[in-house]
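Structure, as structure tokens:
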Amino acid sequence: MKTMHGFVLILLLMIITINRTKAVVTPQSYIQQFLGPQNAARAVLRLPPLVWDAKLANYAAWYANQRRVDCALQHSNGPYGENIFWGSGNAWTPVQASNAWVAERQGYKYRSNSCAYGMECGHYTQIVWRDTTRIGCARVVCHGGRGVFMTCNYDPPGNYIGEKPY
């Protein structure tokens, strides 16, 4: 009888451990939608493509799920580079978020390493940061019709003040 209880206890501990380390499964179509536009922007500059990283995707999913309640456009302030996106409604796709970040290229001035007046370009410069090699992203539909929140995390991070991205 003691052996049976010991076996059940070990089995329960194994199940708990497996559930705690369960990886987020990102649909392949989402991975390609996140990677495609961002790697195309890097290819224009002859930078190596970003590679999908499950650890970063898990971090992104963890943070996106925290934003599911309020859909607030706030950064996680974590250890990685990060781009965030919010759109009203529930139909926004990863390719739309990625394209929006890449579109900031038009406001980036390489010579002065700055953004044109009234424009943002930090999302773009994170995407094309030369030392960044890995990416992981997530998408959630927020509660109560608050919209869609997406985030991508980058490692090593970029956007250091005074440094050019490439």
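- In the displayed structure, Lys55 atom NZ is contacted under 6.0 Å by at most 12 heavy atoms of other residues, nucleotides or ligands.
- Gln32 contributes atom CD, which lies 9.0 Å from atom CG of Asn39 (distance to the nearest 0.5 angstrom).
- Between Tyr124 and Trp101, the distance separating the two ring centers is not shorter than 6.0 angstrom.
- Once rounded to the nearest 0.5 Å, the distance linking NZ of Lys109 with OG of Ser114 reads 4.5 Å.
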Side chain to side chain contact (heavy atoms under 4.5 Å, CB included) between Ile135 and Gln38, worked out: CA-CA 10 Å; Ile135 183 175; Gln38 296 187 59; 3.5 Å; yes
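- Distance alone, capped at 3.5 Å, is enough to place a donor-acceptor pair between the Asn113 side chain and the Glu163 backbone.
- Distance check: Asn153 CG to Leu56 CG gives 6.5 Å after rounding to the nearest 0.5 Å.
- The aromatic rings of Tyr110 and Tyr108 lie perpendicular to each other, with more than 60° between the two planes, well past the 30° mark.
- Rounding to the nearest 0.5 Å places CZ of Arg111 at 8.0 Å from NZ of Lys164.
- Taking the six-membered ring where the residue is Trp, Trp52 and Phe34 present parallel rings, their angle staying beneath 30° rather than reaching 60°.
- With hydrogens and angles ignored, the 3.5 Å screen pairs a side-chain donor or acceptor of Gln126 with a backbone N or O of Gly158.
- In this structure, Arg146 and Val69 approach most closely via the heavy-atom pair NH1-O, 3.1 Å.
- With a 4.5 Å cut-off on side-chain heavy atoms, Val95 and Pro37 count as touching.
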Glu120 and Cys115: CA distance, side-chain angles, deciding distance, side chain to side chain contact (heavy atoms under 4.5 Å, CB included) verdict: CA-CA 6 Å; Glu120 288 188 40; Cys115 296; 5.7 Å; no
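- The only option from Thr132, Asn83, Thr133 that meets the side chain to side chain donor-acceptor pair (under 3.5 Å) definition with Tyr154 turns out to be Asn83.
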Stepwise side chain to side chain contact (heavy atoms under 4.5 Å, CB included) test for Trp86 and Val148: CA-CA 6 Å; Trp86 172 84; Val148 172; over 6 Å; no
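- Arg42 places a side-chain N or O within donor-acceptor distance of the main-chain N or O of Ile127, the cut-off being under 3.5 Å.
- Side-chain atoms of Asp155 do not come within 3.5 Å of backbone N or O of Tyr80 as any donor-acceptor pair.
- Considering only heavy atoms from C-beta on, Gln74 comes within 4.5 Å of Arg67 through its side chain.
- A distance of 6.0 Å or more separates the ring centres of Phe85 and Phe149.
- Glu82 and Ser76 share a donor-acceptor pair across their side chains, judged by distance under 3.5 Å alone.
- When atom types are taken as modelled, the side chain of Arg139 and the backbone of Trp92 share a donor-acceptor pair closer than 3.5 angstrom.
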Full working for side-chain hydrogen bond (donor to acceptor under 3.5 Å, both in side chains) between Gln96 and Thr93: CA-CA 5 Å; Gln96 290 172 308; Thr93 64; 3.3 Å; yes
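- Taking CG of Asn65 as the reference point, atom SG of Cys142 lies at 9.5 Å (rounded to 0.5 Å).
- Taking OH from Tyr160 and CG from Asp131, the interatomic distance works out to 8.5 Å, rounded to the nearest 0.5 Å.
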